[in-house]
Amino acid sequence: MTQEFKAFRGRIFDFDRDAGMNDLEKHYRYFPDGLLILKDGKVLACGDFEKLHAVFPGLDDVTDYSQCYIFPGFIDAHVHSVQTGAIASDGSQLLEWLANYVFPGEKQFDNDQYAYEHTAFFINQLLKNGTTTAAVFGSVHPASADAVFEISAQKNMRMICGNTWMDTNAPDYLLRSAGRSYDESVKLIGKWHGKQRLHFAVTPRFAVTSSPEGLEAAHALVEAYPGIYIQTHIAENKAEVHEAGRLHPSSRNYLDIYDRYGLVNNRTLLGHGIYLSEEEMERIAQTGASVVHCPTSNLFLGSGLFDQTKMLHHGIKTAVGSDIGAGTSFSMLQNLNEAYKISSLRGTPLNPLQLFYFITLGGAKVLNLDDRIGNFDPGKEADFVVIDPSENDLLNYRIARADSIEDILFSTVILGDDRIVRSVYVMGKKLIGKD
Ligand SMILES: [Zn+2]
């Protein structure tokens with residue numbers, strides 16, 4: 001075997017390409033003694049160690065993670081790179097929280113040096129928690145998105161990002177005219193979109209801080225660059241829903257504020273979606289747009305309890321986002337922990353396969369990236385996380401009593417965090433490693 005081959009032995013878990021939220025028990029793959037073989041940063045083969053090793057007899061340099069679990073890299077489908085400093089700031093709900101903590105914090109990203117340094121910290125937090133792909137909101141400053149793209153490019157990560165647009169109802173220091181945000185986005189697209197593994201998302205923050213002109217300009221950008229993503233917030237908090245309706249009185253409902261400007265399609269990521277009506281959910285399903293559940297954020301800001309069952313009922317694709325800084329953990333495991341509890345309060349608890357699907361293949365499907373990431377099919381980009389339960393003695397103790405892979409996954413979600421992330425690989429290259 002030549003040098004471009006790499007091989008890893010461990011307890012390998014993923015979902016096959018046909019998996020969906022309703023039938024995961026038929027579509028997961030678990031190799032308690034597995035082998036993952038890479039060629040040039042992509043998956044060449046994945047399967048049982050003995051069987052695969054016999055097919056690739058020259059494979060003598062195998063990295064041994066046999067006491068660890070190997071998962072596809074985690075996907076965080078909604079996170080703010082400019083809010084790490086606002087995490088764990090107490091005492092208010094969404095609209096006051098934005099005014100008190102988020103807007104003053106985002107102002108600091110008008111300094112390019114500050115933007116770069118704090119974004120480097122942010123991306124390291126993603127990686128050390130096992131997150132290898134994220135859909136990221138910057139601030140209104142192009143430097144914030146530039147920093148996300150530049151650092152992601154250095155690390156060769158698959159990332160989605162955009163400069164946030166706000167042309168009304170925000171402090172003067174964060175207001176940008178629609179024309180200016182449009183022009184700055186065009187520059188970012190030219191510089192980064194489609195380069196290496198990077199994608200641009202037009203990012204109107206939410207209906208409250210977008211005027212009709214702002215939404216029309218976002219629509220024009222999508223028309224000019226149909227391959228870009230659209231990311232925003234919707235129906236997160238009751239006061240926000242009321243305010244959005246007041247500011248856009250001619251819209252039928254919250255979704256329609258975006259929909260009438262052509263901003264709801266199968267590349268649209270709608271954050272939160274707690275207070276959506278049946279009519280709005282039907283329309284989201286029709287368009288192929290996705291809703292991103294942000295559990296730790298929704299609990300922290302007291303926003304409400306997401307209804308995954310209704311989303312499933314309507315056939316809406318969903319993923320999970322940390323929503324840092326309203327979210328309280330970069331760990332997608334901890335976000336799943338809270339997603340489980342929310343579903344439990346709703347009376348329809350998610351099962352462990354559904355939980356892991358959100359942050360692997362399901363997340364990749366929401367981002368339309370499931371042809372590239374999300375599982376270990378041959379040809380997939382080799383982003384993966386190595387979980388070592390022995391780094392957390394309580395989890396290790398609990399897993400010793402587990403009687404199935406579902407039980408192992410569940411206890412890992414409830415008890416796990418960044419301590420158990422032993423290594424993280426991006427395109428087959430180790431970026432985080434305790435050894
Ligand atoms: Zn958010």
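Counting convention: from 1, in listed order, for ligands and their atoms alike. We're numbering straight along the sequence, starting at 1.
Taking 2.8 Å as the threshold, His80 counts as a candidate ligand of the Zn ion (ligand 1), since one of its N, O or S atoms lies below it. Here His78 meets the criterion, with an N, O or S atom under 2.8 Å of the Zn ion (ligand 1). At least one N/O/S atom of Asp323, from backbone or side chain, sits under 2.8 Å from the Zn ion (ligand 1).
No hydrogens or angles considered: a donor-acceptor pair under 3.5 Å links the side chains of Thr203 and Gln231. A donor and an acceptor atom, one from each side chain of Asn163 and Ser185, are located under 3.5 Å apart.
Between Arg283 and Glu280 there is no salt bridge, since none of the side-chain N atoms of the basic residue sits less than 4.0 Å from a carboxylate O of the acidic one.
Screening Phe8, Phe384, Phe376 for a side chain to side chain contact (heavy atoms under 4.5 Å, CB included) with Cys46, the sole residue that qualifies is Phe376.
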